[in-house]
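All residue numbers refer to positions in the sequence shown, counting from 1. Quick note: numbers below take in every heavy atom, side chains included, and nothing from hydrogens, waters or symmetry partners.
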Amino acid sequence: MLNADRTDPALLRELIAGELLAARERTAQLTGAVDDAELVAQHSPLMSPLVWDLAHIGNQEELWLLRNVGGRDPMHPEIDPLYDAFEHPRAERPRLPLLPPAEARAYAHEVRGRVLDLLAASPLEGAPLLDAGFAFGMIAQHEQQHDETMLITHQLRSGPAVLDAPPPPAATGAPLAPEVLVPAGPFTMGTDTEPWALDNERPAHRVDLPAFWLDTAPVSNGAYRRFVADGGYDEPRWWTPEGWAHRMSAGLEAPLFWQHDGGQWLRRRFGHLEPVPDEEPVLHVSWYEADAYARWAGRRLPTEAEWEKAARHDPVSGRSRRFPWGDAAPGPEHANLGQRHLRPAPVGAYPEGESPYGVRQLIGDVWEWTSSDFTGYPGFAAWPYREYSEVFFGPEYKVLRGGSFAVAPVACRGTFRNWDYPVRRQIFSGFRTARDAEPRTEG
């Protein structure tokens, strides 16, 4: 559906309705997999109760589509402060007078019905929020982003498994080279043309990079386990001062959800306890852990620009693609997206998703930490609201790229940027490493 002709209003309406429906089906799956007692419970102080996410999804949809686009009066203005993500930190939300599960579902359902009526009558042009259906696309992405958040909550909850999915495809063919060379030269970073790109992805701008080597695939559990076995968590020289202080205060010894038992490493995954699979990308590591591993390996984390050049630049045409494989929307042959498998695919999977430089799994599987702080591109303009991106700019947040198995295709592309604190581990985060092609000189 993402390949639909967005200049044809009928096809664009069909695309939008399909994305809204896909998001709502996923929301229903995640909130319907547990009973009401679990919906209103807080499974971790890092996360909201699932029922908050459910009503917040409806409230944002009402705010942006019914009120801002449709000019409608508020349905329940008294609940707006309850679902304002900036007004109440996650740890406080269980104590708010939230809508109970049945009322939250009814509210979100009523909003959606009115939105579909609005969509049917909308010209989808003539105003910035309407052009190419931007506001509708923004809301579809917003719901899918909260679906990923709710999937994180499912991973943090205790108790038996309630979600299921088939395994991802295996890696086939000859073993991959460990790294690829990305030659020096300019490329176009960001976008001016992606119709549903968010403000921090804009504008397109030229970036000139020296040559660098990049891991062909994300760092695997097996490789990371060698870092653990070599005392990586006990050696301060691999860690930044801030990272070592956090490692000590938090008592970090391995990735989140790993435990050592009977001479082997096990992990908890959505209610299942299983041996850590060496062939999968490492998951649930913080930026500090990723950076320490890279130093231990004699390498470094790639910059955000290096990551994007490896993912999008076509050295033959000189243009930047939408995705590593081209401009076509992701298919199941390209990447592990959309909660299809509930785990990363083995490193080296998805050969059809390879970039022109031969890099695998840049989209899907695990969010990849980069060395870059989150900030705006040259010429950045906040739109349609500062709170999406601009208020987070600064050295407190590190950029992640590429999406994870929990990200929907509508909320994932070669220009999409994510960000989080360097201590975060509950997110579906991994990494790959890089090194300079030539020694850097000082001065």
Side-chain angles (χ1 to χ4, degrees), residues 1-2 12-32 39 48-88 90 93 96 98-124 127-151 153 195-199 338 383-389 407-412:
M1 286 295 290
L2 289 174
L12 182 55
R13 287 190 186 92
E14 183 181 358
L15 165 66
I16 291 168
E19 293 299 341
L20 291 173
L21 176 62
R24 190 52 50 89
E25 287 179 346
R26 187 177 176 196
T27 299
Q29 177 192 8
L30 290 163
T31 55
L39 282 178
S48 307
L50 291 169
V51 75
W52 185 92
D53 288 285
L54 175 60
H56 171 78
I57 286 167
N59 188 247
Q60 288 294 293
E61 188 167 340
E62 184 201 349
L63 174 65
W64 283 103
L65 298 183
L66 296 184
R67 301 186 205 175
N68 288 350
V69 171
R72 310 287 176 80
D73 291 333
M75 292 169 57
H76 302 287
E78 72 280 0
I79 71 172
D80 287 354
L82 301 178
Y83 299 103
D84 185 332
F86 284 87
E87 190 158 335
H88 301 286
R90 288 174 174 175
R93 292 172 189 171
L96 299 174
L98 302 176
L99 294 179
E103 292 182 29
R105 288 192 179 97
Y107 170 58
H109 179 73
E110 183 177 1
V111 170
R112 175 54 55 83
R114 297 186 186 190
V115 162
L116 293 177
D117 289 342
L118 176 67
L119 173 63
S122 174
L124 300 178
L129 282 174
L130 281 177
D131 289 345
F134 174 82
F136 293 93
M138 180 180 72
I139 288 301
Q141 292 178 81
H142 175 265
E143 181 162 356
Q144 288 283 12
Q145 287 170 319
H146 275 271
D147 288 340
E148 181 179 12
T149 299
M150 289 193 284
L151 189 62
T153 301
W196 290 355
L198 303 168
D199 61 2
W383 188 80
Y385 62 111
R386 289 186 64 247
E387 289 78 12
Y388 181 72
S389 300
V407 174
V410 72
C412 188

_Apply side-chain contact (heavy atoms from CB on, under 4.5 Å) to residues Leu119 and Leu124 and explain how you reach the verdict._
CA-CA 8 Å; Leu119 173 63; Leu124 300 178; 4.2 Å; yes
State the [atom1]-[atom2] distance between [X] and [Y], to the nearest 0.5 angstrom.
X      : Y      : atom1 : atom2 : answer
Ile79  : Leu96  : CD1   : CG    : 12.0 Å
Gln29  : Leu151 : CD    : CG    : 9.0 Å
Leu30  : Arg26  : CG    : CZ    : 6.0 Å
Ile57  : Asn59  : CD1   : CG    : 11.0 Å
Asp80  : Glu87  : CG    : CD    : 9.5 Å
Leu129 : Met138 : CG    : CE    : 6.5 Å

Suppose the criterion is salt bridge (Lys or Arg N to Asp or Glu O under 4.0 Å): which pairs have a residue in [range], not counting sequence neighbours?
range            : answer
residues 134-147 : Arg24-Glu143, Arg112-Glu143
residues 128-137 : none
residues 50-60   : none

Can you find a pair of side-chain heavy atoms, one from [X] and one from [Y], that are under 4.5 Å apart?
X      : Y      : result
Phe136 : Gln141 : no
Trp383 : Pro128 : yes
Leu198 : Ser389 : no
Leu66  : Glu61  : no

What's the shortest heavy-atom distance between [X] and [Y], and which atoms?
X      : Y      : value
Arg90  : Ser48  : CG-OG, 3.5 Å
Ala55  : Leu99  : CB-CD1, 4.4 Å
Leu39  : Pro101 : CD1-CB, 3.9 Å
Met150 : Thr31  : SD-CG2, 3.8 Å
Ala104 : Val51  : CB-CG2, 4.0 Å
Pro123 : Leu130 : CG-CD1, 4.3 Å

_Chi angles and distances behind the side-chain contact (heavy atoms from CB on, under 4.5 Å) call for Glu19, Trp196_ = CA-CA 12 Å; Glu19 293 299 341; Trp196 290 355; 4.3 Å; yes
Please check this pair: side chain of [X] against backbone of [Y], looking for a donor-acceptor N/O pair closer than 3.5 Å.
X     : Y      : value
Arg13 : Ser122 : yes
Arg67 : Asp73  : no
Arg72 : Leu63  : no
His88 : Pro81  : yes

_Centroid-centroid distance, Tyr385 to Trp64, less than 6.0 Å_ =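 That pair passes the under 6.0 Å test.
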*Residue pair Gln144, Val407: steps toward the side-chain contact (heavy atoms from CB on, under 4.5 Å) verdict*: CA-CA 7 Å; Gln144 288 283 12; Val407 174; over 6 Å; no
*For Arg386, what residues pass the side chain to side chain contact (heavy atoms under 4.5 Å, CB included) criterion, not counting sequence neighbours?*
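By the side chain to side chain contact (heavy atoms under 4.5 Å, CB included) rule, Arg386 matches Ala382, Glu390, Val391.
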*Consider only side-chain N and O atoms of Glu62 and Tyr107, and report whether a donor and an acceptor are under 3.5 Å apart.*
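A pair is found: one side chain offers a donor N or O, the other an acceptor, under 3.5 Å apart.
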*asked:* So, using side-chain hydrogen bond (donor to acceptor under 3.5 Å, both in side chains) as the criterion, who are the partners of Asn68 when residues are at least two apart?
replied: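 Applying side-chain hydrogen bond (donor to acceptor under 3.5 Å, both in side chains) to Asn68 gives none.
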*asked:* Restricting to side-chain hydrogen bond (donor to acceptor under 3.5 Å, both in side chains), what partner residues turn up for Glu148, sequence neighbours left out?
replied: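 Trp367, Ser404.
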*May I have the step-by-step check of side-chain contact (heavy atoms from CB on, under 4.5 Å) for His56 and Leu82, ending in yes or no?*
CA-CA 8 Å; His56 171 78; Leu82 301 178; over 6 Å; no
